[in-house]
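Presented below is the structure to which this report refers.
Here is the naming used below: chain letters follow the sequence lines, and residue numbers restart at 1 for every chain.
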Number of protein chains: 4
Amino acid sequence: MARPRSDNKRLAILSAALRTIAAQGPGAATAVIAKAAGVSNGSLFTYFETKATLLNQLYLDLKAEMAAAALGGLPADQGLREQLHFMWVHWLDWATSCPDKRRTLAHLEVSEEITAESRETAHGMMAGVARLLEQSREHGPMRAVPLAFLLALLSVLADTTTDFIIRDPANAEHHREAGFNALWRMIA
Amino acid sequence: MARPRSDNKRLAILSAALRTIAAQGPGAATAVIAKAAGVSNGSLFTYFETKATLLNQLYLDLKAEMAAAALGGLPADQGLREQLHFMWVHWLDWATSCPDKRRTLAHLEVSEEITAESRETAHGMMAGVARLLEQSREHGPMRAVPLAFLLALLSVLADTTTDFIIRDPANAEHHREAGFNALWRMIA
Amino acid sequence: MARPRSDNKRLAILSAALRTIAAQGPGAATAVIAKAAGVSNGSLFTYFETKATLLNQLYLDLKAEMAAAALGGLPADQGLREQLHFMWVHWLDWATSCPDKRRTLAHLEVSEEITAESRETAHGMMAGVARLLEQSREHGPMRAVPLAFLLALLSVLADTTTDFIIRDPANAEHHREAGFNALWRMIA
Amino acid sequence: MARPRSDNKRLAILSAALRTIAAQGPGAATAVIAKAAGVSNGSLFTYFETKATLLNQLYLDLKAEMAAAALGGLPADQGLREQLHFMWVHWLDWATSCPDKRRTLAHLEVSEEITAESRETAHGMMAGVARLLEQSREHGPMRAVPLAFLLALLSVLADTTTDFIIRDPANAEHHREAGFNALWRMIA
DNA sequence: GATGAATGAGGCTTCATTCAT
DNA sequence: AATGAATGAAGCCTCATTCAT
């Protein structure tokens with residue numbers, strides 16, 4: 001099977017999967033996703049060999065988008081705290097402004113269908129974040145723990161903070177800063 | 001009087017569900033769970049009206065067990081930091097010593113099948129932890145954030161730390177303390 | 001298995017079956033019937049070897065009761081038309097006053113579970129009605145058709161008339177007489 | 001364009017349902033019907049959303065066919081008695097020549113699965129018969145009873161007569177005329 | 001005998017994937 | 001390549017009947 005031609009269709013499927021999974025979880029039927037994409041039942045399988053393939057791709061796309069949002073435009077000329085704060089703000093902005101993406105990502109993160117390889121790749125996308133973290137903690141109390149540990153902590157902190165912002169958007173900025181300060185106290 | 005409903009069997013089903021879901025996720029077939037419990041296909045449904053019922057029950061049991069582990073034997077006569085540390089240690093001990101329970105709980109936590117009511121009940125089980133947290137942060141930098149936020153942070157910190165201990169058991173104690181110190185820096 | 005002792009229980013089951021089947025059709029679960037009878041699940045099967053046995057017994061009981069209602073107190077000293085009218089009135093009275101019995105009988109009449117033998121036996125219960133019919137049509141236009149045909153016609157006439165009485169009870173007497181007159185015109 | 005939904009297959013399923021239900025009643029398993037239709041288990045559900053849908057469709061089809069048989073080619077230029085007789089003959093011809101259809105229709109008529117709407121629609125198909133009946137009874141003894149009552153009587157008369165023809169086909173014509181004469185005496 | 005738990009064969013329906021058009 | 005019908009393996013749950021207590 002050659003590479004299918006229409007990139008549009010491929011993207012439509014990915015986007016439909018995003019919306020559908022946000023609403024129904026990863027158990028959403030491929031037929032439903034296809035219909036949401038305006039594409040036939042069977043076409044889905046010319047673009048993605050398998051439902052798992054689609055899920056993994058979606059996972060990687062979302063992770064990449066999230067990483068890009070977090071890392072884009074980092075003010076390299078400023079202090080570490082400012083850079084980390086910048087990243088934090090953009091990460092949370094992304095997460096709170098696309099609740100579907102966040103929700104779907106949360107679903108996929110715990111899905112059995114996502115392969116170890118995908119998780120590996122996704123991990124790599126956060127290299128920039130990791131680097132920033134590495135520098136930030138260099139002289140701090142967590143200078144000796146595995147970096148991966150720190151990264152995981154950052155991730156769940158961001159996630160939890162996002163939850164609270166979504167639940168109580170009136171105090172978005174307040175929660176955001178509280179979360180960041182907690183993070184900074186932890187590592188620096 | 002007829003054969004009484006056997007508590008053993010009930011527990012066997014719960015335990016089989018635990019093991020099976022740890023391995024296959026909440027999508028595990030009831031038939032598989034039944035067989036793992038050494039019970040007939042239909043018997044499962046005399047003990048649990050529905051698959052969802054079983055899942056919710058399992059969720060509540062695990063939560064209760066976790067809360068009990070975390071809160072049992074709290075040294076009320078010691079300082080807050082000591083008490084919180086005590087809780088932290090016992091919580092992580094429980095989580096690292098029953099990886100299946102932890103894994104299953106993680107699965108259920110994000111499952112669509114768990115009702116709001118169950119989550120509510122589970123939340124109530126953590127009241128003791130919440131109280132401890134409340135006192136610990138009373139004069140600290142997070143004295144103004146919603147307690148629920150703090151509780152959530154504690155929970156994901158514990159979870160993440162557990163992950164690292166399981167992945168690298170040789171340094172269990174080290175990770176455990178690193179996690180606790182991070183927590184304490186955050187809140188106190 | 002010896003003859004079980006409690007006739008009460010046997011009757012309770014029969015009566016529960018009557019009510020339950022009226023409401024849910026012959027597909028009603030034996031467990032439901034047992035519970036309605038205030039009897040255990042398994043007891044039902046010490047009184048009736050099989051669900052089919054129960055259904056057939058119920059069928060026969062209802063048929064017998066209906067026949068008895070129709071034939072009881074027949075004024076043997078009066079004319080044929082009067083006797084047939086008497087029977088007609090009592091038949092319809094019975095049918096309209098116990099809608100559950102009628103409904104259940106209708107269900108059983110078309111059930112696959114009722115054996116040919118039961119139908120035979122039930123047929124025999126209508127011998128009195130048949131005799132009356134035989135005499136009534138003796139010199140009429142239907143003197144040559146099989147008696148069974150006539151009996152069947154009488155039966156469906158009565159049934160249909162009952163339907164209309166139940167649907168429009170305000171004109172019960174009117175429908176009843178219209179039905180009888182139609183019958184009489186047909187046969188005499 | 002994909003393989004179009006095959007009318008053949010649809011009809012095969014309907015026909016298999018007809019045969020299977022005639023033999024086993026409306027409790028017949030969808031799997032059995034599918035196999036009888038030479039179709040996969042799941043295909044049945046691409047043609048009929050639900051077992052109930054299939055049953056209702058079958059009911060309507062049979063009713064329509066029966067009505068068409070009864071009303072087709074009505075000699076409008078002849079007297080009422082002749083027209084009614086014509087209808088009677090054709091109705092009975094249809095019923096006796098397709099015993100399966102008749103049997104299945106009888107089963108469906110009393111099934112819980114047939115919706116009120118289907119019954120309504122089916123009722124409408126008999127409008128032609130109703131009209132004929134209306135005219136026939138206009139000056140007769142039943143001129144005052146509800147037309148629906150008459151229609152019901154006609155229906156059970158036809159049904160009962162069919163039974164006897166099937167049971168004793170040697171005297172088909174005889175039974176047929178006896179039935180018709182009884183009907184005519186009743187209404188005209 | 002009475003009870004109700006235990007059994008396991010189906011029943012209906014969904015769904016990922018394949019295949020004819 | 002696109003379509004959507006076809007497939008059949010599960011999945012959850014029901015239920016008549018049996019059996020331990």
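The side chain of A/Thr30 contributes no N or O atom lying less than 4.0 Å from OP1 or OP2 of E/dC15. For the pair B/Arg5 and E/dA5, the criterion of a side-chain N or O lying under 4.0 Å from OP1 or OP2 is met. Here B/Ser43 does not reach the OP1 or OP2 of E/dA5: none of its side-chain N or O atoms lies under 4.0 Å away. Taking 4.0 angstrom as the limit, C/Ser6 places none of its side-chain polar atoms (N or O) nearer than this to OP1 or OP2 of E/dG1. Side-chain N/O atoms of C/Tyr47 include none lying less than 4.0 angstrom from OP1 or OP2 on E/dG1. When the side-chain nitrogen and oxygen atoms of B/Lys9 are compared with OP1 and OP2 of E/dA6, one or more of them lie within a distance under 4.0 Å. C/Thr46 has a side-chain polar atom (N or O) that falls below the 4.0 Å cut-off from OP1 or OP2 of E/dA2. At least one side-chain nitrogen or oxygen of B/Thr50 sits closer than 4.0 Å to the OP1 or OP2 atom of F/dC13. Applying the 4.0 Å criterion to OP1 and OP2 of E/dT3, one finds that C/Ser40 has a side-chain N or O inside that range.
Rounded to a whole Å, the CD atom of A/Glu113 is 14 Å from the C1' atom of E/dT17. Separating the CZ atom of C/Arg10 from the P atom of E/dA2 is a distance of 13 Å, rounded to the nearest angstrom. Remark: C1' of F/dG11 and CG of B/Leu44 are 13 Å apart, rounded to the nearest angstrom. Atom CD1 of B/Ile33 and atom P of F/dG11 are 11 Å apart (whole Å). If you measure from atom CD1 of D/Ile13 to atom C1' of E/dT13, you get 14 Å, rounded to the nearest angstrom. In this structure, D/Asp7 atom CG and F/dA6 atom P are separated by 11 Å, rounded to whole Å. Here the C1' atom of nucleotide F/dT17 and the CG atom of C/Leu54 are 14 Å apart, to the nearest Å. Across the protein-nucleic acid pair, D/Leu55 atom CG and E/dC12 atom C1' stand 13 Å apart, rounded to whole Å.
The existence of a salt bridge linking D/Asp163 and D/Arg102 is confirmed by a sub-4.0 Å separation between a basic side-chain nitrogen and an acidic carboxylate oxygen.
Judged by closest nucleotide on DNA chain F, B/Ala28 is the one of B/Ala28 and C/Val32 placed further toward the 5' end. Projected onto DNA chain F by closest heavy-atom contact, D/Gly42 and B/Pro26 fall at different nucleotides, the more 5' of which corresponds to D/Gly42. The 5' end of DNA chain E is approached more closely, in terms of each residue's nearest nucleotide, by D/Asn41 than by the other of D/Asn41 and A/Ala31.
The listed nucleotides are E/dT13, F/dT14, F/dT17; the one nearest the side chain of B/Phe45 is F/dT14.
Counting any heavy atom pair closer than 4.0 Å across all strands shown, B/Ala34 reaches no nucleic acid atom. Nucleic acid contact class of C/Ala52 (heavy atoms, under 4.0 Å, all strands): none.
Residue D/Leu60 forms a side chain to side chain contact (heavy atoms under 4.5 Å, CB included) with just one option from D/Arg119, D/Glu65, D/Met125, and that option is D/Met125.
The nucleotide E/dT13 finds its pairing partner in F/dA10, both defining distances of the Watson-Crick or G-U wobble pair being shorter than 3.5 Å. Both distances falling under 3.5 Å, in either a Watson-Crick or a G-U wobble arrangement, place E/dT21 opposite F/dA2.
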Next on the checklist: Run the side chain to side chain donor-acceptor pair (under 3.5 Å) test on A/Thr115 and A/Ser118 for me, step by step, so that the C-alpha distance in whole Å, both residues' side-chain angles and the decisive distance to 0.1 Å come before the verdict.
Outcome noted: CA-CA 5 Å; A/Thr115 66; A/Ser118 292; 3.1 Å; yes
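With hydrogens and angles disregarded, a donor-acceptor distance shorter than 3.5 Å links the side chain of A/Asn56 to the backbone of A/Glu113.
Across B/Ala22 and B/Thr104, no two heavy atoms sit closer than the pair N-OG1, 3.2 Å.
Atoms CD1 and NE2, on D/Ile21 and D/His107 in that order, are 9.0 Å from each other to the nearest 0.5 Å.
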